[in-house]
Engineer: 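I have a structure here, written as structure tokens, and I will follow up with some questions on it.
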Amino acid sequence: MKTPYRSLGFIVLAVALLWSGCVFNRQQREDKDPQDRKFGDEHADFSANHFSERYADERGSFSTSYIEFDEQGDFWDRRQFTRAVESIRHCRKPVILVIYAHGWENHSQSDDVWRFNQRLLRKIADSKEVRDHFEVRGVYIGWNGKRLHTHAPELVRHAIDLAQPFTFYGRKNAASQRVADTAVTETIFSLSMAAREQNRESKVIMIGHSFGALVMERAVTQAMIGALMFQEGKAGGTRTVIMPADLILLLNSAAESIYAKLMIDFFHAHPQQQNGVEFIGPDRPMIVSMTSRADWATGWLFGVGTGISNSLAVFRDYQVDGQTIDQRHFLTHTAGHSNVLLSHDIVPVEPTNQPPLINVGSTFDQSQVFDANLRSPKSGGVFATEPATPDGKTPRWWRIKSLGNANNHTPYWVVRVPGEICRGHTDVWNPNMVDLMAAVFRIAQPQVRLPATKM
């Protein structure tokens, strides 16, 4: 005979599983006050229902606008979008614009907001290479990457937390089939255009994490192909190309690798040249997808789930570099876990002959590594991360090593990241990853020379 407690347990689990497929579909940032007073502490109460739609750093070094989308991919309030565009147009100096789409288990009130602002934007704004010459603006693309259940009974909330892994595929479908649509594409390209028109020296960086990378890739790449194909040439067959971003970063992407394959095929078929000079190419990436070796969510979990969902589908074979590859591979693997598409690996290198970053006898300042990576490109894709030595002063040195994959010798890099730099799926804002982002930007934009820092 079943005990009442056991029956209750089954009921709670059933409710949790049912609830895990749903979302608390409502706007979260409705306060027009430009100062988000609840922000600034990683462990603040992010369950409050009313947050401001814009965050202004208390030191005035950067600000962030929040633009939210509902479960069907529509604007919650289009005025969030228009005010974000206007804030960029009114900047007095060139802008470094960072547009970010969050991933699974996050939303516009989660602690991912704190990490994006404090671990990335503040580090950019505090950089000696940036602070005297640019204004830093962030845009946080918010959608329902996590069910909101703050008003549920405590027992049900705990059960839902246990059921969170079951929501992976429900949120994936929401990201790919509804969120990554017209409104997000309009938002991203309008923000980029505003920055480009505000000052020709402005820089645009687009970042997506997890399902946010899926949103970013789906929303941007198709429109970008159209923009590249239809830009008019000038006399003599030359043309001026205006790119929507200086760099697109996909962090632990939870997108099927078929999207990466299609973009890689496009770059193979249409080498990009401006006035006869290749302005993006195998050594000058436009899109960089970086996945941690320790990311189990986009590894085996993604493979198991998509393997089941595609078990009855019909696929064809590809001939790739002399090998026969089942099309199913590109539907059941993310780009970062596909050896077919992998283009680069990150390997440690000895610090011999590397430039000193820290004066002898000084205390270590985390910004020094970030600044050094951002300052100038280093030969062979070499970059530094935070010290891992007992003295706390000697940075670790790494190389972004090309694997010579002829199938992906394009501006779309697929990079495998060691666990020492990124410990897992959600660990994308740690100092080492942010240092890596600075290095990748400098590799993608080697010709950019930021104005000399005023002494």
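None of the values given here were measured: they were computed from a predicted structure.
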Engineer: I need the minimum non-hydrogen distance between Val220 and Met206, along with the two atoms involved.
Structural biologist: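 Residues Val220 and Met206, closest heavy atoms: CG2-SD, 4.0 Å.
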
Engineer: Are there over 12 heavy-atom neighbours, none belonging to Arg122, within less than 6.0 Å of that residue's CZ?
Structural biologist: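 Yes, enclosed.
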
Engineer: Hey, does the side chain of Asp111 reach the backbone of Trp114 with a donor-acceptor pair shorter than 3.5 angstrom?
Structural biologist: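 Between the backbone of Trp114 and the side chain of Asp111 there is no qualifying donor-acceptor contact (under 3.5 Å).
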
Engineer: Determine whether Arg137 and Ser87 satisfy the following criterion, side-chain hydrogen bond (donor to acceptor under 3.5 Å, both in side chains), listing intermediate values before the conclusion.
Structural biologist: CA-CA 9 Å; Arg137 293 288 181 269; Ser87 72; 4.9 Å; no

Engineer: What heavy-atom pair brings Phe116 and Thr64 nearest, and what distance separates the two atoms?
Structural biologist: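 Looks like CE2-CG2, 4.2 Å.
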
Engineer: Check whether any side-chain heavy atom of Arg115 lies under 4.5 Å from a side-chain heavy atom of Gln118, and answer yes or no.
Structural biologist: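 Not in contact.
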
Engineer: Cut-off 3.5 Å, side chains only: do Ser338 and His329 have a donor facing an acceptor?
Structural biologist: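 Note: Ser338 and His329 side chains meet the donor-acceptor criterion.
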
Engineer: Measure the OG1-CZ distance between Thr82 and Arg78 for me, rounded to the nearest 0.5 Å.
Structural biologist: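 Spacing of OG1 (Thr82) from CZ (Arg78) equals 8.0 Å.
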
Engineer: So do the side chains of His102 and Ser110 get within less than 4.5 Å of each other, counting heavy atoms only?
Structural biologist: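 No, side chains not in contact.
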
Engineer: Within the side chain of Ser343, is there an N or O that forms a donor-acceptor pair under 3.5 Å with the backbone of Asn408?
Structural biologist: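 Answer holds: no.
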
Engineer: Between Asp345 and Arg416 (salt bridge meaning N to carboxylate O under 4.0 Å), is one present in this structure?
Structural biologist: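 Between Arg416 and Asp345 there is a salt bridge, with a charged N closer than 4.0 Å to a carboxylate O.
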
Engineer: Kindly say whether Phe189 contributes a backbone atom to a donor-acceptor pair with the side chain of Ser192 at under 3.5 angstrom?
Structural biologist: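 Not at all, since once roles are kept as given, no pair shorter than 3.5 Å links the two residues.
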
Engineer: Search all heavy atoms of Ser202 against all heavy atoms of Asp246 and return the closest pair with its distance.
Structural biologist: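 Minimum heavy-atom separation between Ser202 and Asp246: O-OD2, 4.1 Å.
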
Engineer: Would you call Glu86-Arg83 a salt bridge at under 4.0 Å N-O?
Structural biologist: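 No, no charged N to carboxylate O under 4.0 Å.
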
Engineer: Name the orientation class of the two ring planes belonging to Phe75 and Phe81 (parallel below 30°, tilted from 30 to 60°, perpendicular beyond 60°).
Structural biologist: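 Phe75 and Phe81: parallel rings.
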
Engineer: Taking Met437 as the fixed residue, which of Leu120, Val288, Val98 is the one that meets the side chain to side chain contact (heavy atoms under 4.5 Å, CB included) rule?
Structural biologist: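 By the side chain to side chain contact (heavy atoms under 4.5 Å, CB included) criterion, Met437 pairs with just one of Leu120, Val288, Val98: Leu120.
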
Engineer: Let me see the working for Trp429 and Asp112 under side-chain hydrogen bond (donor to acceptor under 3.5 Å, both in side chains), right down to the final yes or no.
Structural biologist: CA-CA 9 Å; Trp429 299 126; Asp112 186 63; 2.9 Å; yes

Engineer: Working note: Val434 + Asn430, criterion side chain to side chain contact (heavy atoms under 4.5 Å, CB included); need CA distance, chi angles, decisive distance, verdict.
Structural biologist: CA-CA 6 Å; Val434 175; Asn430 76 72; over 6 Å; no

Engineer: Under 4.0 Å between a Lys/Arg side-chain N and an Asp/Glu carboxylate O for Lys93 and Glu135?
Structural biologist: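 The answer is no: the pair does not qualify as a salt bridge.
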
Engineer: Looking only at heavy atoms, which two atoms of Arg29 and Ser108 are closest? And how far apart?
Structural biologist: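 Residues Arg29 and Ser108, closest heavy atoms: NE-O, 2.7 Å.
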
Engineer: Are Val139 and Ile141 packed together at the side-chain level, in the sense that at least one heavy-atom pair is separated by less than 4.5 angstrom?
Structural biologist: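 Answer yes - side chains close enough.
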
Engineer: Are the side chain of Asp74 and the backbone N or O of Phe69 linked by a donor-acceptor pair below 3.5 Å?
Structural biologist: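 Checked: no pair found.
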
Engineer: Out of curiosity, Met224 CE to Met286 CE, how far, rounded to the nearest 0.5 Å?
Structural biologist: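 That separation rounds to 5.0 Å.
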
Engineer: Show the numbers, then the answer: is there a side chain to side chain contact (heavy atoms under 4.5 Å, CB included) between His209 and Trp104?
Structural biologist: CA-CA 8 Å; His209 169 231; Trp104 183 40; over 6 Å; no

Engineer: So, are Asp435 and Lys123 salt-bridged, with charged N and O less than 4.0 Å apart?
Structural biologist: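 Looking at Lys123 together with Asp435, the answer is yes, because their closest N to O distance falls below 4.0 Å.
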
Engineer: Return the minimal non-hydrogen interatomic distance between Ile443 and Gly381, and the atom names on each side.
Structural biologist: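 Residues Ile443 and Gly381, closest heavy atoms: CD1-CA, 4.1 Å.
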
Engineer: Compare all side-chain heavy atoms of Met263 with those of Ile225 and state whether any distance is below 4.5 angstrom.
Structural biologist: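 Yes; the side chains approach each other to less than 4.5 Å.
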
Engineer: Once rounded to the nearest 0.5 Å, what's the spacing between atom CG of Leu341 and atom CG of Leu403?
Structural biologist: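 Reported value, rounded in 0.5 Å steps: 12.0 Å.
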
Engineer: Applying the side chain to side chain contact (heavy atoms under 4.5 Å, CB included) test to Leu436, which of Leu249, Ile400, Thr385, Asn373 qualifies?
Structural biologist: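 Running side chain to side chain contact (heavy atoms under 4.5 Å, CB included) over Leu249, Ile400, Thr385, Asn373 with Leu436 returns exactly one hit, Ile400.
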
Engineer: Would the Tyr259 and Phe330 ring centres measure less than 6.0 Å apart?
Structural biologist: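 No, the ring of Tyr259 stays outside the 6.0 Å limit from the ring of Phe330, centre to centre.
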
Engineer: Start with the C-alpha gap between His425 and Ser210, add the side-chain angles, then the distance that decides, and say whether side-chain hydrogen bond (donor to acceptor under 3.5 Å, both in side chains) holds.
Structural biologist: CA-CA 8 Å; His425 186 67; Ser210 183; 2.8 Å; yes

Engineer: Would you please indicate yes or no on a ring centroid separation below 6.0 angstrom for Tyr412 and Phe267?
Structural biologist: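 No; Tyr412 has its ring centre 6.0 Å or more from that of Phe267.
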
Engineer: Taking all non-hydrogen atoms of both residues into account, name the closest pair between Asn252 and Gly424 and its distance.
Structural biologist: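 Looks like ND2-O, 3.2 Å.
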
Engineer: Quick check: do Asn117 and Phe62 have side-chain heavy atoms less than 4.5 Å from each other?
Structural biologist: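 Counting from C-beta outward, Asn117 and Phe62 do come under 4.5 Å.
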
Engineer: Any side-chain donor paired with an acceptor under 3.5 Å for Trp413 and Ser289?
Structural biologist: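 Side-chain D/A pair, Trp413 to Ser289: absent.
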
Engineer: Between Trp76 and Ile67, is any pair of side-chain heavy atoms under 4.5 Å apart?
Structural biologist: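 Side-chain contact under 4.5 Å: no.
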
Engineer: How many angstroms lie between atom CG of Asp371 and atom CD1 of Ile124, to the nearest 0.5 angstrom?
Structural biologist: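 Taking CG in Asp371 and CD1 in Ile124, the distance rounds to 11.0 Å.
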
Engineer: Stepwise, does the side chain to side chain contact (heavy atoms under 4.5 Å, CB included) test hold for Ser257 with Thr334?
Structural biologist: CA-CA 5 Å; Ser257 60; Thr334 62; 5.6 Å; no

Engineer: Just wondering, do Val417 and Thr291 contact through their side chains at under 4.5 Å, heavy atoms?
Structural biologist: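 Contact flag for Thr291/Val417 side chains = no.
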
Engineer: In terms of side-chain geometry, is the basic nitrogen of Arg328 or Glu256 positioned less than 4.0 Å from the acidic oxygen of its partner?
Structural biologist: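 Here Arg328 does not pair with Glu256 in a salt bridge, since their nearest N and O are not under 4.0 Å apart.
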
Engineer: Using a 3.5 Å distance criterion without hydrogens, assess whether the side chain of Glu71 forms a donor-acceptor pair with backbone atoms of Asn144.
Structural biologist: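 Not a single qualifying donor-acceptor pair exists.
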
Engineer: Could you walk me through whether Arg293 and Glu420 pass side chain to side chain contact (heavy atoms under 4.5 Å, CB included), step by step?
Structural biologist: CA-CA 10 Å; Arg293 291 175 179 267; Glu420 295 94 327; over 6 Å; no

Engineer: What distance separates Asn199 CG from Ile88 CD1, expressed to the nearest 0.5 Å?
Structural biologist: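 Between Asn199 CG and Ile88 CD1, I get 13.0 Å after rounding to 0.5 Å.
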
Engineer: Measure the CD1-CG distance between Ile207 and Leu247 for me, rounded to the nearest 0.5 Å.
Structural biologist: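 With rounding to 0.5 Å, CD1 (Ile207) is 8.0 Å from CG (Leu247).
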
Engineer: Would you say the side chain of Arg284 lies within less than 4.5 Å of the side chain of Pro446, judging by non-hydrogen atoms?
Structural biologist: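 Yes, close enough: below the 4.5 Å cut-off.
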
Engineer: Is the distance between the ring centroids of His337 and His333 under 6.0 Å?
Structural biologist: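 For His333 and His337, the ring centres are not under 6.0 Å apart.
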
Engineer: Tyr318 and Asn407: side-chain hydrogen bond (donor to acceptor under 3.5 Å, both in side chains), yes or no, with the steps?
Structural biologist: CA-CA 12 Å; Tyr318 293 112; Asn407 181 56; over 6 Å; no

